Amino acid sequence: MMNWNQLITNKRLGQESKHGERHDDRTEFKRDYDRLIFSAPFRRLQNKTQVFPLPGSIFVHNRLTHSLEVASVGMSLGCDVARQLTARNPELAQTMIGEIGQIVATACLAHDMGNPPFGHSGEKAIQTFFSEGPGSRLRRQVSERFWSDITHFEGNANAFRLLTHRFKGRRTGGFVLTYSTLASIVKYPFSSSLAGGKGKFGFFESEREYFQRIADEMGIICVESSDSGLRYSRHPLVYLVEAADDICYEVMDIEDAHKLKILSYEETSSLLLGFFDEATQCHILKRIEDEGLTDNNEKIVYMRANAIGMLERECVKAFVNHEQEILSGTFRGSLVDAISEVPKQAYRKCADLSMRRIYCSKPVLDVELSGYKIMETLMEQMTEAVCHPGRYYSQQLISRVSSQYDIDSADLETRLMAVIDYISGMTDIYALDVYQKINGISLPIV
């Protein structure tokens with residue numbers, strides 16, 4: 001059984017000997033939050049696709065606005081859970097349980113930082129370049145564990161790497177965040193070799209030792225540690241980060257689809273009001289009338305706000321009700337799976353419609369197709385360069401890569417990972433720009 005005393009710690013990865021030092025009035029977890037907000041990788045999320053094409057005449061979500069909204073919902077989830085757990089167990093007031101809201105909000109900021117350009121299409125392009133593309137010829141030249149990592153390439157694992165890896169030119173590894181913040185972003189706490197059919201995993205082999213150190217320090221339950229791979233139970237706060245993400249992307253994608261006229265007002269309002277019983281629906285519609293809202297977009301915004309509030313309260317209740325299962329590592333599924341029947345059915349209806357009408361819409365498919373080809377080409381060109389670094393064109397390509405990436409290492413696996421680090425860190429626009437330049441489609445304008 002995991003316990004909150006261990007699970008919430010302000011010990012920092014890479015600064016363990018300085019545990020407990022204070023530099024100002026901020027808590028250690030607020031310092032984590034500030035480090036991420038002001039970082040370049042977080043700022044680059046403003047030019048990474050969430051779902052719909054960027055940029056456009058109608059403003060829709062990108063990875064940055066999505067992450068900020070997820071952090072806002074995560075803060076509410078964490079604070080409400082902390083308050084209810086403390087009310088039920090007054091002895092927790094003597095622990096750092098009150099910091100849960102800040103920890104969850106910070107982890108929410110970081111949850112998409114490892115995503116490559118063009119979202120899931122970019123992930124697929126990296127995976128399939130090695131599993132079924134030109135990169136497949138490299139299989140016998142690298143270790144089995146490394147091959148498993150790159151053929152399952154995952155934005156979640158890449159986020160943990162970004163936050164913990166010691167890139168060239170840094171005295172310490174990653175962002176030197178607290179153990180609790182780092183553990184709270186690992187949605188799939190196991191090696192790629194144990195990923196199974198979905199292919200999701202939480203950390204690359206190169207960061208395995210970091211995750212193991214963090215998990216063991218906090219008493220997270222180790223399920224498997226063998227030559228086959230490493231598997232732990234989730235840190236409990238992962239469920240709150242996941243819930244904040246689930247709430248935001250599902251509800252906000254519906255709102256964006258309405259703005260883009262993929263969904264009608266009638267369809268959208270029916271979906272959002274579906275989270276409530278009939279009496280509450282009438283109350284919401286009466287409030288809209290009393291406020292004098294006549295613009296359909298503004299009406300949808302009000303309904304969306306109510307839907308998010310309902311889902312937040314339901315997920316808090318689910319977490320508190322299942323606290324013992326979560327702490328024992330026996331809870332299965334997500335918090336959204338454990339909410340009351342009416343909002344759960346409404347959520348599933350939104351998810352089903354999103355799959356049929358939004359994620360398969362022409363604008364979304366066009367971005368995915370274009371993004372896949374861009375990423376595939378960049379991977380092919382850069383991988384060829386690091387496999388044959390002595391060639392003239394290879395040297396030209398390698399010289400464009402930032403010095404923080406160990407792209408001229410003597411070790412092939414390190415060079416290949418540097419290529420993935422470089423390309424996955426690009427914004428959509430920068431990836432397109434590099435693609436056009438190395439293919440002779442455009443020239444620099446002075």
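Note that this is a predicted model, so its numbers are computed, not measured.
- Classification of the F203-F211 ring pair by plane angle, with boundaries at 30° and 60°, yields parallel.
- Taking 4.0 Å as the cut-off between side-chain N and carboxylate O, D428 and K48 do not count as a salt-bridged pair.
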Could you go through Y372 and T128, starting from their C-alpha distance and side-chain angles, then the distance that decides it, and tell me whether this counts as side chain to side chain donor-acceptor pair (under 3.5 Å)?
CA-CA 10 Å; Y372 186 95; T128 56; 2.6 Å; yes
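- One N or O on the side chain of R35 and one on the backbone of F175 form a donor-acceptor pair closer than 3.5 Å.
- A donor-acceptor distance shorter than 3.5 angstrom exists from the side chain of R415 to the backbone of S409, with no hydrogens or angles considered.
- No donor-acceptor pair under 3.5 Å is formed between the side chain of S148 and the backbone N or O of R145.
- E325 and H322 form a side-chain donor-acceptor contact under 3.5 Å, judged by distance and modelled atom types alone.
- For the side-chain contact (heavy atoms from CB on, under 4.5 Å) test, residues two or more places apart in sequence or in another chain that qualify with N296 are H258, Y265, K299.
- A side-chain N or O of S424 and one of N158 form a donor-acceptor pair less than 3.5 Å apart.
- Between D112 and N115, the closest side-chain pair of non-hydrogen atoms falls below 4.5 Å.
- Between V176 and L13, the closest side-chain pair of non-hydrogen atoms is not below 4.5 Å.
- M355 CE: 12 or fewer foreign heavy atoms inside a 6.0 Å radius.
- In this structure the side chain of E123 reaches within 4.5 angstrom of the side chain of E154, judged on heavy atoms.
- Put simply, the side chain of I185 does not reach to within 4.5 Å of the side chain of V241, judged on heavy atoms.
- With a 4.5 Å cut-off on side-chain heavy atoms, T95 and I8 do not count as touching.
- Atom SG of residue C108 and atom CG of residue L240 lie 8.5 Å apart, to the nearest 0.5 angstrom.
- R161 and D421 are joined by a salt bridge, as a carboxylate oxygen and a charged side-chain nitrogen come within less than 4.0 angstrom of each other.
- A donor atom on one side chain and an acceptor atom on the other are not found under 3.5 Å apart for D406 and T414.
- Residues S184 and T181 have side chains that never bring a donor and an acceptor to within less than 3.5 angstrom of each other.
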Working note: F319 + Y239, criterion ring-ring contact (aromatic ring centres under 6.0 Å, His included); need CA distance, chi angles, decisive distance, verdict.
CA-CA 8 Å; F319 187 97; Y239 288 101; 7.2 Å; no
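- Counting heavy atoms from C-beta on, the side chains of L109 and F42 come closer than 4.5 Å.
- Note that CG of L45 and OG1 of T65 are 9.5 Å apart. Values are rounded to the nearest 0.5 Å.
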Check step by step if salt bridge (Lys or Arg N to Asp or Glu O under 4.0 Å) holds for K349 and D352.
CA-CA 5 Å; K349 191 173 180 180; D352 179 65; over 6 Å; no
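- A search for side-chain contact (heavy atoms from CB on, under 4.5 Å) contacts involving S334 returns E242, D246, V336, D337, not counting sequence neighbours.
- Side-chain contact between P189 and I220 is absent, with no heavy atoms from C-beta onward closer than 4.5 Å.
- In this structure, the side chain of N321 engages the main chain of K317 through a donor-acceptor pair within 3.5 Å.
- Counting only distance, with no hydrogens or angles, the side chain of T86 and the backbone of A93 share no donor-acceptor pair below 3.5 Å.
- One side chain, S143 or E413, offers a donor N or O that lies under 3.5 Å from an acceptor on the other.
- Side-chain contact check for E323 and W4: at least one donor-acceptor pair (N or O, by modelled atom type) lies under 3.5 Å.
- Counting only N and O atoms by type, the side chains of Y359 and D253 include a donor and acceptor under 3.5 Å apart.
- No hydrogens or angles considered: a donor-acceptor pair under 3.5 Å links the side chains of E207 and H165.
- Between R234 and K187, some side-chain heavy-atom pair lies under the 4.5 Å cut-off.
- Side-chain polar atoms of E341 and Q345 form a donor-acceptor pair below 3.5 angstrom.
- Judged purely by distance below 3.5 Å, without hydrogens or angles, the side chains of S191 and E205 never pair a donor atom with an acceptor atom.
- Side-chain contact of Q436 with D433: a donor-acceptor pair under 3.5 Å is absent, judged by distance alone.
- The pair R26-D34 counts as a salt bridge, with a side-chain nitrogen and a carboxylate oxygen less than 4.0 angstrom apart.
- Electrostatic pairing of R213 and E209 counts as a salt bridge here, judged by a charged N lying under 4.0 Å from a carboxylate O.
- Between the side chains of D32 and T178, a donor-acceptor pair is found at a separation under 3.5 Å.
- Taking a cutoff of 4.0 Å between a charged side-chain nitrogen and a carboxylate oxygen, D290 and K286 qualify as a salt bridge.
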